[in-house]
Amino acid sequence: DRYREIRGLIQQLIDKYRRNAKILLIKEENMKTFVSGTVLAGLLVLSMLTAAQAADVTLRFAHFWPAVSGTHKQLYQVWADTMERESGGRIKVEIYPSATLAKPPAQYEAVKSGIADVTATVQGYSANRFPLTQIVELPGIVKNAVHGSCIIQSLYDEGLISDEYADSKPLFMFTHGPGHIHSKEQAITTPADFAGLRIRRPTTVVGDLLEKLGAQPVGMPAPQSYQSMQRGVIDGVALPWEGALVFRINELATKHTEVGGLYTLSFVVTMNKDVYQDLPDDLKKVIDDNTGKAWSAKAGEVFDALDVKGRAAAVEAGHEIITIEGGGDNPAWKPVLSEATESYLTQLEGKGLAARKVYARALELSEICK
């Protein structure tokens with residue numbers, strides 16, 4: 001209706017100046033006056049056309065992946081383009097990659113406070129804020145990114161972790177694929193090989209796991225990993241193959257250890273609640289139509305494809321890839337991984353959280369999700 005009204009006004013304006021032009025010609029008025037009137041008409045029409053094409057709302061979308069990454073181009077930019085297309089241009093999304101709008105640990109808070117309107121971030125970067133969500137980081141739950149994304153989105157949809165997001169408007173959740181260890185010099189074949197190694201950890205949950213394995217975990221967001229490894233601040237990183245590719249770790253790390261089911265990481269794309277509530281109902285529907293399991297699955301597909309590319313790049317470079325037989329169930333690894341799981345669940349229960357209920361459901365969903 002709005003666009004029909006604007007088109008009608010434009011047509012009335014054009015008709016008016018056509019009539020005026022005819023009158024001016026018939027009366028042989030001063031040509032300068034005629035030209036000025038015609039130019040004014042053109043400017044007015046142009047301004048109205050510009051107004052008709054302008055977005056009703058512009059959403060500032062912050063994330064920490066590089067603008068050249070497949071994650072940015074194949075997931076976040078696709079979501080942004082979908083918003084603009086399905087809203088008829090009324091929603092515009094300005095993306096701020098590479099943590100240009102807010103640093104990785106502050107991105108969730110940036111959305112809550114209104115510095116950003118939307119963010120894609122790691123829940124575990126906000127320490128102690130999403131303890132039940134981070135249960136999916138524990139060993140043996142997630143097989144790949146599509147599988148993990150189904151688990152985390154289902155836990156949210158079923159209300160088991162939704163209370164942790166009362167201060168924002170979650171759009172969709174997902175996980176990356178299996179996390180691995182990528183080291184510069186030391187090949188890791190058993191937990192004993194971690195002794196004395198400074199390994200980048202993404203979250204405190206993964207940090208506790210690495211510590212029990214014998215490593216010295218060093219907390220930092222993924223974008224800082226390359227520079228830290230280059231300078232010798234760390235000896236290796238915990239990342240999926242996607243992260244090794246996107247953050248260029250394959251340029252530095254030549255040893256890679258795959259322990260199936262070691263850990264995974266959860267992510268959320270979420271929106272400022274007030275910005276969402278202020279939208280008209282038809283634009284809310286555009287947002288709502290692009291949330292939940294469909295986009296969670298899409299994210300998982302993107303991350304799984306990037307895992308394949310990341311591993312292939314290491315193979316092509318001639319790196320040493322060590323795959324632990326039996327993964328997390330390997331007798332040398334399983335006791336440590338089980339201890340890390342039990343320790344985290346006990347810790348949350350001590351805070352009055354229903355940790356074992358969420359963990360049990362995560363394991364059930366691990367069998368249900370494909």
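Tyr263 pairs by the ring-ring contact (aromatic ring centres under 6.0 Å, His included) definition with His176, not counting sequence neighbours. Looking at residues two or more places apart in sequence or on another chain, you find no ring-ring contact (aromatic ring centres under 6.0 Å, His included) involving His147. With sequence neighbours left out, Glu86 forms a salt bridge (Lys or Arg N to Asp or Glu O under 4.0 Å) with no residue at all. The salt bridge (Lys or Arg N to Asp or Glu O under 4.0 Å) check on Lys255 picks up Glu320, with sequence neighbours excluded. Listed by chain and residue number, Asp289 satisfy the side-chain hydrogen bond (donor to acceptor under 3.5 Å, both in side chains) test with Lys285 (two or more places apart in sequence, or in another chain). Not counting sequence neighbours, the partners of Tyr165 by the ring-ring contact (aromatic ring centres under 6.0 Å, His included) test are Phe130, Tyr156.
Look at Lys92 and Asp56 and you find no salt bridge, because none of the NZ, NE, NH1 or NH2 atoms lies under 4.0 Å from a carboxylate O. At a threshold of 4.0 Å, the pair Lys298-Glu301 does not count as salt-bridged, since none of the basic side-chain nitrogens sits closer than that to a carboxylate oxygen.
For residues 302-370, the set of pairs meeting the disulfide (SG to SG under 2.5 Å) definition, not counting sequence neighbours, comprises Cys150-Cys369. Applying the salt bridge (charged side-chain N to carboxylate O under 4.0 Å, His left out) test to pairs two or more places apart or on separate chains, none has a residue in residues 201-213. Among pairs with a residue in residues 351-370, none fulfils ring-ring contact (aromatic ring centres under 6.0 Å, His included), at least two apart in sequence or across chains. Listed by first and then second residue, the salt bridge (charged side-chain N to carboxylate O under 4.0 Å, His left out) pairs involving residues 61-72 amount to none (not counting sequence neighbours). Residue pairs meeting the salt bridge (charged side-chain N to carboxylate O under 4.0 Å, His left out) criterion with at least one member in residues 110-132, sequence neighbours excluded, are Arg60-Asp117, Glu109-Arg129, Lys112-Asp167, Arg129-Asp167.
Val308 belongs to no hydrophobic cluster, as no Ile, Leu, Val, Met, Phe, Trp or Tyr side chain comes under 4.5 Å of its own.
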